[in-house]
Protein chains: 2
Amino acid sequence: MKNSPFEDLDLPPEFISLVGATILSHAIQKNYETSELAHCTNKHQKMMLVILQHPRRMGELAKLLNMLPSSVTAIADVLEDLRFVSRERDPNDRRAWIVTLTDEGADMRQKLIAEASMRFRELTNLNADEIQELARLLTKTTDNISVAGFPNEALE
Amino acid sequence: MKNSPFEDLDLPPEFISLVGATILSHAIQKNYETSELAHCTNKHQKMMLVILQHPRRMGELAKLLNMLPSSVTAIADVLEDLRFVSRERDPNDRRAWIVTLTDEGADMRQKLIAEASMRFRELTNLNADEIQELARLLTKTTDNISVAGFPNEALE
DNA sequence: TCTGGATGTTTCACTTTCTGAAGTAATGTT
DNA sequence: AACATTACTTCAGAAAGTGAAACATCCAGA
């Protein structure tokens with residue numbers, strides 16, 4: 001059984017990490033699609049639900065998700081149709097919309113998080129310490145990505 | 001400066017890891033597009049070059065990249081037009097094609113790896129030990145994903 | 001050897017997703 | 001008041017992903 005695509009390579013650890021991150025992310029997202037929760041079809045819809053732990057403006061969502069405003073509009077439209085979020089004008093800036101989870105959306109968000117965590121354990125087979133360490137390293141990483149202004153430039 | 005989309009969350013470490021992996025992978029792939037190497041436009045083309053450290057059959061590529069055979073055909077067509085790979089019949093099974101890097105393709109492969117590694121260091125700001133540890137954890141993960149038969153089932 | 005079923009790949013039409021330009025409305029700046 | 005900027009939406013075209021059908025080859029059993 002030849003498992004890894006990289007079995008006999010002396011790739012730099014940076015690259016191995018990158019590929020590992022990609023495979024992991026891809027695998028869980030593929031896996032998701034076969035679940036009960038599949039009616040939020042795509043990964044961006046799921047990700048938007050997850051980062052809506054509190055209400056956010058459309059533009060903020062676009063930056064966080066690293067997407068174009070027009071894509072955020074499309075995704076929010078779907079989530080609104082599904083009654084997972086509602087949109088209201090920002091009273092402080094009437095150009096902007098504020099997106100808020102509905103109760104149903106908050107429910108789905110919890111389920112998504114729980115399901116992803118379960119899949120993660122199944123797929124990775126890491127022990128609790130290792131998961132903790134991985135989370136630490138990747139938190140440091142994403143914090144730095146945000147601080148570096150890349151790819152979400154000028155996030156405030 | 002409010003950085004992380006998860007600043008005030010008590011998400012499980014599994015989920016944080018998953019999101020971190022996704023953000024990291026996404027960030028570097030976005031970044032890639034602005035580089036000199038952008039003419040291999042999409043991430044799957046790049047990934048295919050990377051895993052072609054030795055010749056592989058189309059079907060093998062599909063499994064490793066977790067894609068449909070028809071998608072692999074499309075990608076290989078592009079890489080062939082770019083003269084990065086060549087396709088020859090497998091002498092042991094004349095239904096199958098074997099994809100091999102050209103010299104030019106091997107060159108590009110090295111550049112892709114080097115560039116991704118550089119971007120990785122810039123983006124993550126992890127020190128050498130941390131990178132090593134991250135690589136270790138993610139290698140364990142991807143190995144397990146393959147062994148678990150998911151998503152690349154029955155990879156042999 | 002013949003036959004039928006499985007396998008490896010390609011083609012093609014289809015659907016979904018992404019992208020970017022143009023438009024609308026509100027804000028802020030001078 | 002005029003003009004530039006910002007926030008978001010709309011829409012149409014481009015790109016990517018999907019799955020059924022076709023084709024050639026392989027393999028196992030009669």
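Bear in mind that the values here come from a model prediction, so they are computed numbers and not experimental data. No hydrogens, no waters, no symmetry mates; every other heavy atom, side chains included, goes into these values. In what follows, chains carry the letters A, B, and so on, assigned in the order in which the sequence lines appear, proteins first and then strands, with residues in each chain numbered from 1.
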Contact check, side chains of A/R109 and A/Q53, non-hydrogen atoms, under 4.5 Å = yes
ask   = Between atom NE2 in A/H44 and atom P in C/dT16, what is the gap in whole Å?
value = 16 Å
key: Spacing between B/M47 atom CE and D/dG17 atom P, to the nearest angstrom   = 13 Å
task = Round to a whole Å and report the spacing from CG of B/N92 to P of D/dC26.
result = 10 Å
query = Atom CZ of A/R94 to atom C1' of C/dG28: distance rounded to whole Å?
reply = 14 Å
query = For the residue pair A/A21 and B/L24, what are the closest heavy atoms and their distance?
reply = CB-CD2, 4.3 Å
message = Do A/I113 and B/L11 have side chains that approach each other closer than 4.5 Å (heavy atoms only, starting at C-beta)?
response = yes
inquiry  = As a test of understanding, state which of A/M108, A/K46, A/R87, A/M48 forms a side-chain contact (heavy atoms from CB on, under 4.5 Å) with A/L79.
reply    = A/M48
ask   = What is the distance, rounded to the nearest whole Å, between atom CG of A/L68 and atom P of C/dA22?
value = 15 Å
query = Roughly, in whole Å, what's the span from CE in B/M48 to P in D/dA16?
reply = 13 Å
message = Using a 6.0 Å distance limit plus a 45 degree cone around the ring axis, check whether A/R57 lies over the aromatic ring of A/W97.
response = no
ask   = Between A/R89 and A/R95, what is the shortest heavy-atom contact and its length?
value = NH1-O, 2.7 Å
message = Please report the distance, rounded to the nearest Å, between CE in B/M67 and P in D/dA16.
response = 12 Å
Close N or O pairs between protein and nucleotides 3-10 of chain D (under 3.5 Å):
residue: D/dT6; atom: O4'; partner: A/R95; partner atom: NH1; Å: 3.4
residue: D/dT6; atom: O2; partner: A/R95; partner atom: NH1; Å: 2.4
residue: D/dC8; atom: OP1; partner: A/M58; partner atom: N; Å: 3.3
residue: D/dC8; atom: OP1; partner: A/W97; partner atom: N; Å: 3.2
residue: D/dC8; atom: OP1; partner: A/W97; partner atom: O; Å: 3.3
residue: D/dC8; atom: OP2; partner: A/G59; partner atom: N; Å: 2.5
residue: D/dC8; atom: O3'; partner: A/W97; partner atom: NE1; Å: 3.2
residue: D/dT9; atom: OP1; partner: A/R87; partner atom: NH1; Å: 2.6
residue: D/dT9; atom: OP2; partner: A/T73; partner atom: OG1; Å: 2.4

remark   = Rounded to whole Å, CG of B/L64 lies from P of C/dG8 at a distance of 14 Å
